[in-house]
Amino acid sequence: MTGLLGALSEAWDEVRVHKSRVVLSLVGVFLAVFAMTTVTALGQLVAQVQQESAERGAGRPATIQVNAFDPMTGMPPDAEEWDAAVADFTERYGITTAASVSYGEGLYRLPGGTQRVQTVRVSPSYGELHRKEPVQGRWFREGDRASLSPALVVNEAFLEALGVPDLSSRPTVVLGGPTPVRATIVGVVREGYGSELVAYRVDRSGGPWDDAGSVDTAQAMYGGPTTLELWVQPDQAEQVMEIVSRDLGLALGVQVDAYRQDASGMEETLAMLRLAIRGAGIVVLVLGGLGVLNIGLVTVRQRIREIGVRRSFGATSGRIFSAVMLESVCATALAGVAAVGASIVLVRNLPLERLLNDGIPLADTPGFPVAAAVEGLVAATAVGALAGLLPAIIAVRAKVIDAIRF
Amino acid sequence: MTLLALEGISRQVDLPDGSVLPILTGIDLTVAPGEHVSIVGRSGSGKSTLLNILGLLDTPSAGTYLLDGEPTDHLRARRRSRLRGEVFGFVFQQFNLLPRRTAVENVAAPLLYARGRDFLRRRRTAAEMLDRVGLGGRADQVPERLSGGEQQRVAIARALVRAPRVVLADEPTGALDVETGAQVMALLAQATAENGAALVTITHDLSVAALAGRRFRLEAGRLSPLVEQGALGAATSDRSSA
Ligand SMILES: Nc1ncnc2c1ncn2[C@@H]1O[C@H](COP(=O)(O)OP(=O)(O)OP(=O)(O)O)[C@@H](O)[C@H]1O
Ligand SMILES: [Mg+2]
């Protein structure tokens, strides 16, 4: 026990006494670990951001879209039958997240006159599937379906067109049509290009206003077919697509198409990118390690006499070896801690959301990736051990009597 | 009772041209606990080689070295190292203080290889030791700031800090002027005596050698008594009875 403590304090003394030499030799390791950790962390953050933005559009992996229609008339199946069949299906196969979505247009009475706005009618669970992160207010919840005033989530351009700065005044908007109704804006998302207005409305609100806002039946027909989205494990996607087509088709006597639409290929691209970054990082780290090794070799020769003197104190070969080794490891580990710390400070203070995500807050705001930090520390320590090995062997091999001869 | 006993010790080295260079030949020597032995010899006579063998830093080519009556030739490297640290303290001609470590750190350094309490209390023990050699006030000086005499006093404190049973001093006054050398030598003799440790001093200075109870001359690798005295006879009979 005291043997280990002794070796450690010996190594630490050595680092302390030769501060400037140690610091100099560590510049390379520091820079390498700093670069590698930062790049790895940023790579992971960028990957996360890209994934999130891809998922906002296409859903999280694996999202399966299911459409059903009568092959003769092209009409969608009866809503109630469809709902029952879907509920039955999801329960039977334990699918926890399913959402419905249909695209259409609605008439909205805005200060500048009534306007047609692209309106997506979704179930509340759609938010989870597409990582909807409102910049104000909230996304839909189950209760919104029963609300007397239909809930709306709009984009910022819509809010602007409505002439209100934010949701603090609990703004409402009248949905035009045969039976106009006053809808409540519960959330704002950052979406759409330029001044394009976008609105989300919770589906199957069930009230008398259900069809209000639809431009006309033809229009409703056009955007009408409700698509079912299922969120499943990526490795089960194929299987689920097969089953859903068969089961729902049989249950309803309609044709059911299922296809996967999330960006499944992206993961491989990102994996490649990470691999390339890691490769570059390792090269830099090896160069830094060579610097440490070089200085270690020079100084171990200068210190042969000192090592001889320590031998006269009763230092065993093992002790000499571990002291030289630990000295290298202590030093590079310290450089690693400093580098990882600097990297964390840098990454934390980068305006990531502005740079990468059009200012949309990230859904799972990634902290500094722990894996990157651990990797940096492990890499630094490993470089220290490798670079310390040769000097340690030289130190042990040194003949004591030659070392203390004058 | 013998602490160290050399019996017929020889040491030779193989030279690169294939010939063999004898350094020590047939050395017989005993050292009893607490006694002061000095060995005088010219440069190149093999004094340091002899001392290194005594201190388990070097191994003889032939002969037996008994430590506490136990032969040392079969000791494993690890055990040799530990024995070296526990039994011996070294004082070198060139002081060999660890550069850039303060006096007290230098004195504490051997205790880094001790265990338990000795290890944990090393700084305090070192500070007390420095007081004993009269350098309590210079504890935080680095060797580069100390005079030669002061450095050698630090080295003496360091040699004694693990309370060794034998102090081996290789020309401890060799790098000092005559007066300082005499002071340092007196301190070394006194401090080892207080510790009850034996002292083996190697020197080419007869006045330094004269402080010892028993004196030897090393010449061309052979050891002979410098002045005939009764102690030698007693040591020889000790060995035959052991
Ligand atoms: N490993 C070695 N290889 C070759 N020659 C050696 C070796 N070790 C010692 N010698 C030689 O043996 C002789 C005795 O060496 P040693 O160092 O013991 O002398 P010394 O009496 O201590 O001399 P000094 O008073 O100058 O220190 C010298 O001539 C030295 O060159
Ligand atoms: Mg010598």
Side-chain angles (χ1 to χ4, degrees), chain A residues 1-24 298-327 330-331 392-393 395-406, chain B residues 11 13 48-49 51-53 55-59 76-102 105-123 142 155 158-159 161-162 164 168 170-171 174-175:
Chain A
M1 183 57 201
T2 44
L4 179 71
L5 274 180
L8 260 175
S9 54
E10 203 180 317
W12 175 247
D13 276 354
E14 200 58 40
V15 172
R16 188 176 53 82
V17 165
H18 299 289
K19 270 187 231 87
S20 52
R21 158 177 88 69
V22 168
V23 165
L24 265 177
V298 171
T299 50
V300 82
R301 285 183 213 286
Q302 289 172 351
R303 281 167 50 204
I304 289 295
R305 175 189 287 269
E306 182 181 324
I307 288 163
V309 172
R310 289 185 182 277
R311 286 284 211 179
S312 78
F313 299 159
T316 59
S317 307
R319 199 39 199 281
I320 296 286
F321 183 90
S322 51
V324 175
M325 187 78 166
L326 270 177
E327 182 193 326
C330 271
I393 290 173
V396 168
R397 287 263 182 96
K399 294 205 70 182
V400 188
I401 43 175
D402 295 335
I404 56 177
R405 189 187 295 279
F406 39 86
Chain B
R11 178 73 169 98
V13 291
S48 298
T49 308
L51 204 72
N52 289 340
I53 289 175
L56 297 173
L57 287 168
D58 199 358
T59 46
R76 301 208 170 187
R78 203 181 156 75
R79 178 88 188 111
R80 281 174 73 86
S81 296
R82 291 214 184 283
L83 270 179
R84 188 187 309 138
E86 285 162 12
V87 177
F88 299 100
F90 292 82
V91 178
F92 304 96
Q93 176 175 354
Q94 298 298 340
F95 323 135
N96 278 340
L97 295 182
L98 304 177
R100 303 177 63 177
R101 262 62 150 218
T102 62
E105 284 169 347
N106 259 285
V107 176
L111 293 169
L112 279 171
Y113 307 95
R115 283 181 265 193
R117 269 176 70 85
D118 286 348
F119 169 76
L120 295 172
R121 291 172 47 100
R122 61 189 181 282
R123 260 194 105 86
V142 289
R158 185 176 71 177
V161 78
R162 284 187 78 178
L168 302 173
D170 190 347
E171 309 220 25

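Here the structure is a predicted model, which means the values were calculated and not measured. Heavy-atom basis, side chains included; hydrogens, waters and symmetry copies ignored. Chain identifiers are assigned alphabetically (A, B, ...) following the order of the sequence lines, protein sequences preceding nucleic acid strands; residue numbering begins at 1 within each chain.
With a 4.5 Å cut-off on non-hydrogen atoms, B/Arg79 does not touch chain A at all. Only the side chain of B/Leu98 comes within contact range of chain A, with at least one heavy atom under 4.5 Å from a heavy atom of that chain. Looking at B/Ala109, both its backbone and its side chain come within 4.5 Å of chain A, counting heavy atoms on both sides. Neither the backbone nor the side chain of B/Arg80 comes within contact range of chain A; no heavy atoms are under 4.5 Å apart.
Heavy-atom neighbours of chain B within the stretch residues 311-322 of chain A, taken at a separation under 4.5 angstrom, comprise A/Arg311, A/Ser312, A/Phe313, A/Gly314, A/Ala315, A/Thr316, A/Arg319.
What you find for B/Val91 and B/Ala155 is that their closest heavy atoms are CG2-O, 4.3 Å.
At a cut-off of 3.5 Å, with distance as the only test, a side-chain donor of A/Arg310 or B/Tyr113 sits close to an acceptor on the other residue.
Between the side chain of B/Arg84 and the backbone N or O of B/Leu56, at least one donor-acceptor pair lies under 3.5 Å.
For B/Arg121, there are no salt bridge (Lys or Arg N to Asp or Glu O under 4.0 Å) partners, not counting sequence neighbours. In this structure, the side-chain contact (heavy atoms from CB on, under 4.5 Å) partners of B/Glu105, at least two apart in sequence or on a different chain, are A/Arg16, B/Arg101, B/Thr102, B/Arg123. Under the side chain to side chain donor-acceptor pair (under 3.5 Å) criterion, B/Asp118 pairs with no residue at all, not counting sequence neighbours.
Ring planes of B/Phe90 and B/Phe88: tilted class, angle from 30 to 60°.
Note: A/Lys399 NZ to B/Leu57 CG = 11.5 Å, rounded to the nearest 0.5 Å.
Counting heavy-atom pairs under 4.5 Å between each of B/Arg78, B/Arg115, B/Arg158 and chain A puts B/Arg158 at the top.
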